[in-house]
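Presented below is the structure to which this report refers.
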Amino acid sequence: DGLAPPSPRLPSSQSSCQTGSLEELGTNQGDLIGSGRDRKPNALVQVAVIDPREQYLVSHACTEIVEGSRDPLFLTGVTFPPEYPASPETLVKLTVYDVRDKARDNVSKPLSVSFLGSATFSVSDLLRSKDDQLTLNLRSSDGVLAVGTVLVSRVNMGEMEEGDMDHITADVQQAQKVRTCVCVYESRSPPDVSASTNAFFKNPVCKVYKFQTVDSKWMLVREQMEECTLSFSIPRQLLHLYIQEDMRRIQELRDLGELSPHWDNLRKEVIGRYGQVIAAYQETLAELNKITGPSFKPSCSKAQRYLEFIPINLHTQRMRVTCPRQTDAFYDVITVGAPAAHFQGFKGGGLQRLLSRHEAEKKSTAYQCIYYSPEHTAKAQEVLHSVGHLQPLISGLADQLLQAAQQHSMSGLREALKTLAGKTEQFVHALKDELVKSALLALHARGQQGQSPPQNPGHSPGEDGQAPLKRQDSIPCHKEYDEEEWDRVWADVAKSLNCVIAMVDKLQEQEPINNNQEQLIPKQVLADVITSHNPEGDWREQLCPLVVRLKECVAEVVVRARRAMTFVLLQEAACSIPQGLFLKQRRDVVFSQALAALACGFVMRLYAGMEDKGFLKQLHQVGLVAQFESLLSTYSEEIGMLEDMEVGISDLHRVAFKITQAKTDNPCDLQPVVIGRRDHYTVEVPLPRLAFQTLPHEIKEGKALQVYPVLFNVGINEQQTIADRFGDISLQERINQRNFEILDSYYKSLSLPCFQTQTDLKDLLGTLGQNVVTKKRKNVEILWLAGTICRRLNGIRFTSCKSAKDRTSMSVTLEQCALLRDEHQLNKDYFIRALDCMRREGCRIENVQKNIKCRKYAFNMLQLMAFPKIYRPPEGTYGKVDS
């Protein structure tokens, strides 16, 4: 009398169906006899598979429950994946039950059901059937009494014609039959779902439905949910980059040379703290490298230490809609738990609050260090990166110049000089900042700058009973140091370059000049250029001393700039110990989760738009919106999660994407690669050669592709009710207002005609702007409008709650049904039924099963009373569970 949830296990048969692939089944029924004399049954169909060689039955899936009808019409199909090991001899058994009590508080108790009848058919029967249909008798348990009939239909989604839809509609009118439509979907991948995407997306879960349109036709809808391998690969790469960056920082601190005892002790403490962070990250990375199996982190593991860098429950979900005489439509969304540091907890709040508090404390508290603002420390990191990147380039170009001189190639000489001059000017410009000079002065006063240490190092600030050095609101200036020394060293680079240019000009004068050819480099004559050279001598010999001098000047500048900027970062780290490094670790964790989700969404969106020239043009000219929808409340721990998420999503502004050509089409060579440092990362996405060749020239040339992340949050649960009435919702209001401004600015930057002519898009933005400033509790219209605008802008859609399992499922299914209504004319009488079907037997309940091994959303009746009605799951699908 009980019906347990169907097992996801599949038969182990290795044979395959040669004449067709069984993928999706759907059921409708009628004229059923209920378990009570006068009672109409609540019908449910369970689908099981029997392999004749294995001789055992495996429960595969269920339909939704159709209440109080002897002639039920089922909307939910049953999906068999393309790789399902079905053979022509495989048997499919349909068993019909009457569900007597579907409201259960105890999730471990099976449904209370009564057996009504069953029917069995083989795959070969269906494949050989006329018009791809079978009509079967439902039999009682003893196999004697016929209790109805079942109609099984085979439908190829993606090739449905008008006649197919009319046929299904006609079946609905036959009230004397048990109507069971079995939709068998032939394996035919959409253009963006190719072998290449198998490198990222794994373990698909598919569901199929048929819904009626306003004109009494039928559409087929297919959901597909998949895990993404980037859940683990992106965090692993980031951890490796974090470790490398911190190890470089330690070496830079050591390279500062001799410092006074006070500053040397601070340096040792900072190096020790960095060492602890590196050791922790190395341990975490080692543990992650041991993990095999599923490509997602379940919600029950959200607070595990070694998994804290992994996004929670990251999945892709695609809805495919097939309507008569229309091209198939696809709608994608990425579902992921809110990027947050669950292992570290939220006792003191999240990143937004913690960072603000920490910065205020640094300004208001006396420290034995110099206070540098976040802008100054960011500039110091930028200068360090620039000099580290440009010095080897300049050195290499200088060698190319000498090689061209040795070959007496004037064209090669001019080309090499042009590139060398450009990079050297870029190098000089990067160091043209008062921060470098002032930091050199501060470093000289507190230790030594390549010279002798101070006369009285023992009288450093904070020593010998003196009061500790107070923080300073501006960069310090020390008159006893020769302030012009840095200017001289810095200017020597430009002078050395000019000497090289002048020498090349003189060498060129020795060559016959083509009057029709323009000189690429203007002639510059300097007083200090070596003029006594032998016109008949070797070009390389004449250039070599000047090139060597240029390289020496660049090297001297690099040494001084590195020391100065490292000193700035030493001050920032010393002021921050230990809280600052804890916050850096927390920020690393949150950013890792956010970037993994963004990379997943970018890859999915890129492959989906490979044949859309307008999308590709938008991608390289402006970039893409990545819209994150959050359902977190602004109360208790979830306000800390939202504060983490706000910073994590904002930090994605530091990320750019670049498309490259893969070495081979091997899945290993198609994996995205992360490069860069904390203040800027680039994600390189390799494409197969044939796909890469179809891209616009700008993308193939390696142009950085920008992403504009925006976050909108509306809490919907009972905790948000408390926050709305008695708490503080200013965080949510500020997030929505600020991100609306980013979204509006992005729209205004679009110069593409296809967007400027969409008056409804401008109206949607205006309505969203009004809603974000309106004082209205649980104003979920903000989320609906933001999601619609994102799709109109070809953006990437994300939906999140704490674990991307329960509230996220309600939101995703609602959005899908709204799309069917607004874009595909879903009959209004089927809206709620379609919503219940997706929530009861769709991909989202399978996501719950994957996470907590139970097919129940983690809601109770009291909680749901606080939810907006449209976000409440159907009866019998929720209960008290450990999530």
Side-chain angles (χ1 to χ4, degrees), residues 237-256 267 270-271 274 277-278 281 372-398 419-420 422-440 442-443 475 486 489-490 493 551 553-573 576 580-581 584 587-588 591-592 595 650-658 673-684 702-707:
Q237 293 182 64
L238 274 179
L239 275 166
H240 183 67
L241 293 174
Y242 291 155
I243 292 168
Q244 285 185 324
E245 184 176 346
D246 289 346
M247 291 178 74
R248 284 195 303 268
R249 184 61 43 79
I250 288 177
Q251 187 59 47
E252 289 165 354
L253 290 171
R254 288 173 176 158
D255 290 343
L256 279 175
R267 173 169 58 181
V270 171
I271 288 176
Y274 272 118
V277 173
I278 291 171
Y281 284 5
Y372 287 99
S373 69
E375 292 76 20
H376 288 139
T377 55
K379 181 63 179 178
Q381 291 173 338
E382 181 184 336
V383 170
L384 280 172
H385 174 73
S386 295
V387 298
H389 173 67
L390 291 173
Q391 184 189 15
L393 284 179
I394 292 172
S395 179
L397 290 169
T419 309
L420 175 64
K423 292 300 179 184
T424 306
E425 290 170 6
Q426 186 179 346
F427 174 83
V428 171
H429 180 74
L431 296 172
K432 191 177 181 179
D433 196 288
E434 282 297 314
L435 176 64
V436 182
K437 181 192 292 188
S438 299
L440 282 169
L443 176 59
I475 302 173
W486 168 250
V489 174
W490 175 68
V493 175
K551 292 167 73 172
C553 290
V554 168
E556 184 177 2
V557 168
V558 167
V559 169
R560 292 172 182 262
R562 276 181 174 164
R563 286 178 174 176
M565 297 300 92
T566 301
F567 184 74
V568 172
L569 298 179
L570 171 62
Q571 306 309 305
E572 193 273 336
S576 301
L581 288 181
K584 188 184 76 166
R587 199 166 188 169
D588 287 347
F591 178 77
S592 172
L595 181 59
S650 177
D651 283 348
L652 293 176
H653 283 97
R654 302 185 274 118
V655 177
F657 288 83
K658 186 180 291 186
V673 177
V674 185
I675 58 175
R677 61 196 189 282
R678 282 184 177 89
D679 58 334
H680 183 76
Y681 288 103
T682 299
V683 182
E684 296 183 346
K703 182 177 181 180
L705 309 176
Q706 302 301 318
V707 173

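When reading the values below, keep in mind they use all heavy atoms of this one structure, side chains included, and skip hydrogens, waters and symmetry mates. All values derive from a computational prediction rather than experimental measurement.
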Nearest heavy atoms of [X] and [Y], plus distance in Å:
X    : Y    : answer
V674 : Q237 : N-OE1, 2.8 Å
V558 : Q391 : CG1-OE1, 3.5 Å
D255 : R563 : O-NE, 3.5 Å
V568 : A380 : CG1-CB, 4.0 Å
H376 : L435 : O-CD2, 3.5 Å

Could you tell me whether [X] and [Y] have a side-chain N and a carboxylate O separated by less than 4.0 Å?
X    : Y    : result
E252 : R249 : yes
E556 : R560 : yes
D651 : R587 : yes

Please report the interatomic distance [atom1]([X]) to [atom2]([Y]), rounded to the nearest 0.5 Å.
X    : Y    : atom1 : atom2 : answer
F567 : L253 : CZ    : CG    : 11.0 Å
E245 : L238 : CD    : CG    : 10.5 Å
F657 : Q706 : CZ    : CD    : 10.0 Å
R254 : R267 : CZ    : CZ    : 9.5 Å
Q251 : T566 : CD    : OG1   : 10.5 Å
H389 : Q426 : NE2   : CD    : 7.0 Å

Does any non-hydrogen side-chain atom of [Y] lie less than 4.5 Å from one of [X]?
X    : Y    : value
R677 : L241 : no
I250 : I278 : yes
R562 : L384 : yes
V655 : V707 : no
V683 : L595 : yes

Can you list the steps and then say if D246 with K584 is a side chain to side chain contact (heavy atoms under 4.5 Å, CB included)? CA-CA 11 Å; D246 289 346; K584 188 184 76 166; 3.1 Å; yes
Stepwise, does the side chain to side chain contact (heavy atoms under 4.5 Å, CB included) test hold for K551 with I394? CA-CA 8 Å; K551 292 167 73 172; I394 292 172; 5.6 Å; no
Is H240 atom NE2 crowded by more than 12 heavy atoms from other residues, nucleotides or ligands, each under 6.0 Å away? no
What is the ring orientation for Y281 with Y242, classed by angle as parallel under 30°, tilted 30 to 60°, or perpendicular over 60°? tilted
Spell out, as yes or no, whether a donor-acceptor pair under 3.5 Å connects the side chain of S386 to the backbone of E382. yes
Determine whether V493 and T424 satisfy the following criterion, side chain to side chain contact (heavy atoms under 4.5 Å, CB included), listing intermediate values before the conclusion. CA-CA 8 Å; V493 175; T424 306; 3.7 Å; yes
